Undergrad: 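Can you read through this structure? Questions will come right after.
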Amino acid sequence: MKINQRHTWTLTTAEAIAIQEKLRGEIITTDKIPTPVQYVAGVDMGFEADGTISRAAVAVLSFPSLQLQETAIARRPTSFPYIPGFLSFREVPAVLDALEKINITPDIILCDGQGIAHPRRFGIACHLGLIVNIPTIGVAKSLLIGKHQEVPEARGSWQLLTDKGETIGAVLRTRTGTKPLYISSGHRVSLTTAIDYVLQCTPKYRLPETTRIADKLASSK
DNA sequence: GCGACAG
DNA sequence: ATCTTGTCGC
């Protein structure tokens with residue numbers, strides 16, 4: 001698939017903040033999703049050689065049957081450190097390399113990390129979604145920012161995630177008795193719809209099938 | 001100034 | 001993210 005780069009990736013944090021604050025205005029948090037949704041993709045990152053090499057993996061599954069259709073892997077030198085709030089600048093370049101190798105254009109991408117549940121409302125799911133112009137959902141395994149009530153133990157239970165008086169996402173239990181996931185809009189997906197897709201992509205385990213497959217490709221030998 | 005802090 | 005075996009619990 002083709003990609004529409006919006007800026008370079010060699011930046012200072014001050015420049016990164018300026019980009020986040022500029023691009024966040026283009027984020028759409030209502031549903032602008034192709035119908036029917038036939039393919040969902042998961043993207044994840046791994047590192048090699050003491051972190052000097054980034055390895056991105058993409059897995060495209062059919063929806064709602066969740067059968068693996070296509071995968072791609074891309075490696076490139078790691079060029080940005082991990083700094084909370086700036087994850088996309090570290091991971092998106094390699095993810096774009098991997099997406100360029102994919103033949104099936106996914107209808108929705110589930111990202112490992114936050115969407116608008118971010119200090120400047122521009123997490124990795126927003127950044128990736130805007131660049132590739134595909135609906136994205138932020139699916140994070142831990143909290144970056146925000147507060148929420150305790151989530152009931154049963155699968156499907158959720159609580160709103162709020163920050164400074166605004167709703168920024170939801171904390172969702174995808175499996176009874178496991179830690180909840182932090183869900184937020186990336187681009188072109190509403191929160192309600194995001195929760196719906198995440199539940200449909202987690203028939204058995206805590207993490208979506210998409211991310212589980214991408215994770216194995218990105219992290220296993 | 002003191003904590004918090006996606007992967 | 002990554003380094004890593006056995007172990008607790010459904």
Side-chain angles (χ1 to χ4, degrees), chain A residues 9 11 13 16-17 19-20 23-24 27 42-59 73-98 109-130 136-148 151 153-155 161-164 168-187 189 191 194 198 202-208 210-221:
Chain A
W9 296 96
L11 306 157
T13 53
I17 288 175
I19 286 172
Q20 292 176 326
L23 295 184
R24 71 178 174 190
I27 288 299
V43 297
D44 196 27
M45 290 284 299
F47 295 90
E48 303 174 359
D50 283 318
T52 57
I53 302 293
S54 297
R55 175 163 60 166
V58 180
I73 289 179
R75 289 180 176 78
R76 67 151 59 195
T78 303
S79 58
F80 201 92
Y82 170 67
I83 305 171
F86 301 91
L87 181 64
S88 63
F89 296 92
R90 175 174 172 84
E91 302 200 342
V92 167
V95 169
L96 294 178
D97 290 344
I109 299 174
L110 304 193
C111 303
D112 221 24
Q114 317 288 346
I116 62 171
H118 177 279
R120 289 169 293 283
R121 309 294 184 255
F122 198 73
I124 188 169
C126 301
H127 206 157
L128 180 64
L130 205 57
T136 51
I137 297 171
V139 182
K141 297 183 290 295
S142 62
L143 179 70
L144 173 61
I145 194 175
K147 303 174 304 191
H148 64 89
V151 185
E153 286 294 311
R155 163 177 160 84
L161 182 63
T162 61
D163 179 54
K164 296 175 181 170
I168 57 174
V171 189
L172 172 69
R173 194 85 65 179
T174 53
R175 179 172 174 160
T176 302
T178 64
K179 292 190 300 178
L181 295 179
Y182 299 79
I183 312 303
S184 56
S185 297
H187 184 45
V189 181
L191 180 58
V198 170
T202 50
K204 183 166 184 186
Y205 299 104
R206 179 171 84 118
L207 296 178
T210 44
T211 359
R212 295 184 74 245
I213 294 173
D215 187 68
K216 286 181 184 177
L217 293 169
S219 304
S220 72
K221 271 186 180 178

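From a predicted model like this one, the values you see are computed outputs, not experimental measurements. Each chain gets a letter, A, B and so on, in the order the sequences are listed, and its residues count up from 1.
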Undergrad: Is there a side-chain polar atom (N or O) of A/Lys141 under 4.0 Å from OP1 or OP2 of B/dA6?
TA: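 For B/dA6, neither OP1 nor OP2 has a side-chain N or O of A/Lys141 closer than 4.0 Å.
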
Undergrad: Any side-chain N or O of A/Ser142 below 4.0 angstrom from OP1/OP2 of B/dC5?
TA: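 For B/dC5, OP1/OP2 do not have a side-chain N/O of A/Ser142 under 4.0 Å.
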
Undergrad: Can you tell me the distance, in whole Å, between the CG atom of A/Asp44 and the C1' atom of C/dT2?
TA: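 Nearest whole value for this atom pair: 13 Å.
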
Undergrad: Please classify the nucleic acid contact of A/Phe89 as base, sugar-phosphate, or nothing, using heavy-atom distances under 4.0 Å.
TA: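 Here A/Phe89 touches no strand at all.
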
Undergrad: Indicate whether the side chain of A/Thr52 and that of A/Thr78 have a donor and an acceptor atom separated by less than 3.5 Å.
TA: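 No, A/Thr78 and A/Thr52 have no side-chain donor paired with an acceptor closer than 3.5 Å.
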
Undergrad: Can you tell whether the side chains of A/Asp163 and A/Lys147 come within less than 4.0 Å, N to carboxylate O?
TA: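 The answer is no: the pair does not qualify as a salt bridge.
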
Undergrad: Using a heavy-atom distance cut-off of less than 4.0 Å, which residues of residues 177-186 of chain A contact DNA chain B?
TA: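 Nothing qualifies; none.
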
Undergrad: Between B/dG7 atom P and A/Gln114 atom CD, what is the distance in whole Å?
TA: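 In whole Å, B/dG7 P and A/Gln114 CD are 7 Å from each other.
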
Undergrad: Please verify the inter-ring angle class for A/His127 with A/Phe122; under 30° counts as parallel, over 60° as perpendicular, anything in between as tilted.
TA: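 Correct class here is tilted.
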
Undergrad: For A/Val43, run the side chain to side chain contact (heavy atoms under 4.5 Å, CB included) check against A/Leu110, A/Asp112, A/Leu128 and tell me which one passes.
TA: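 Option passing the side chain to side chain contact (heavy atoms under 4.5 Å, CB included) with A/Val43: A/Leu128.
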
Undergrad: Here's one to test your reading of the geometry: is the NZ or CZ of A/Arg75 within 45 degrees of the ring axis of A/Phe47 and under 6.0 Å from its centre?
TA: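 The answer is no; the distance or angle limit is not met.
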
Undergrad: What is the distance, rounded to the nearest whole Å, between atom CG of A/Leu144 and atom P of B/dG7?
TA: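 One finds 9 Å between P of B/dG7 and CG of A/Leu144, rounded.
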
Undergrad: Just checking A/Leu143: base, sugar-phosphate only, or nothing, at a heavy-atom cut-off of under 4.0 Å?
TA: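 Contact class for A/Leu143: sugar-phosphate only.
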
Undergrad: Between C1' on B/dA6 and NE2 on A/His148, what's the gap in Å once rounded to a whole number?
TA: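 The answer, rounded to whole Å, is 14 Å.
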
Undergrad: Just the rounded figure in Å: distance from C1' of B/dA4 to CZ of A/Arg120.
TA: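 Roughly 14 Å, once rounded to whole Å.
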
Undergrad: Taking the basic N atoms (NZ, or NE/NH1/NH2) and the acidic carboxylate oxygens, is any pair closer than 4.0 Å for A/Lys216 and A/Asp44?
TA: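 Salt bridge absent between A/Lys216 and A/Asp44.
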
Undergrad: Using a 4.0 Å heavy-atom cut-off across all strands, classify A/Gly46 as base, sugar-phosphate, or nothing.
TA: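 It contacts sugar-phosphate atoms only.
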
Undergrad: Distance check needed: B/dA6 P versus A/Ile168 CD1, whole Å only.
TA: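 Distance, rounded to whole Å: 13 Å.
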
Undergrad: Roughly, in whole Å, what's the span from CZ in A/Phe47 to C1' in C/dT2?
TA: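 Answer to the nearest Å: 10 Å.
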
Undergrad: Stacking between A/Tyr82 and the base of C/dA1 (centre distance under 5.5 Å, interplanar angle under 30°)?
TA: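 Taking the rule of under 5.5 Å and under 30°, the ring of A/Tyr82 does not stack on C/dA1.
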
Undergrad: Side chain of A/Ser219, heavy atoms from C-beta onward: which of C/dT2, B/dG7, B/dC5 has the nearest atom to it?
TA: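 For A/Ser219, the side-chain atoms sit closest to C/dT2.
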
Undergrad: In whole Å, I'd like the distance from the CZ atom of A/Arg55 to the C1' atom of C/dA1.
TA: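 Between C1' of C/dA1 and CZ of A/Arg55: 12 Å.
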
Undergrad: Can you find a side-chain donor-acceptor pair between A/Arg90 and A/Ser54 that sits under 3.5 Å?
TA: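 Note: A/Arg90 and A/Ser54 side chains miss the donor-acceptor criterion.
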
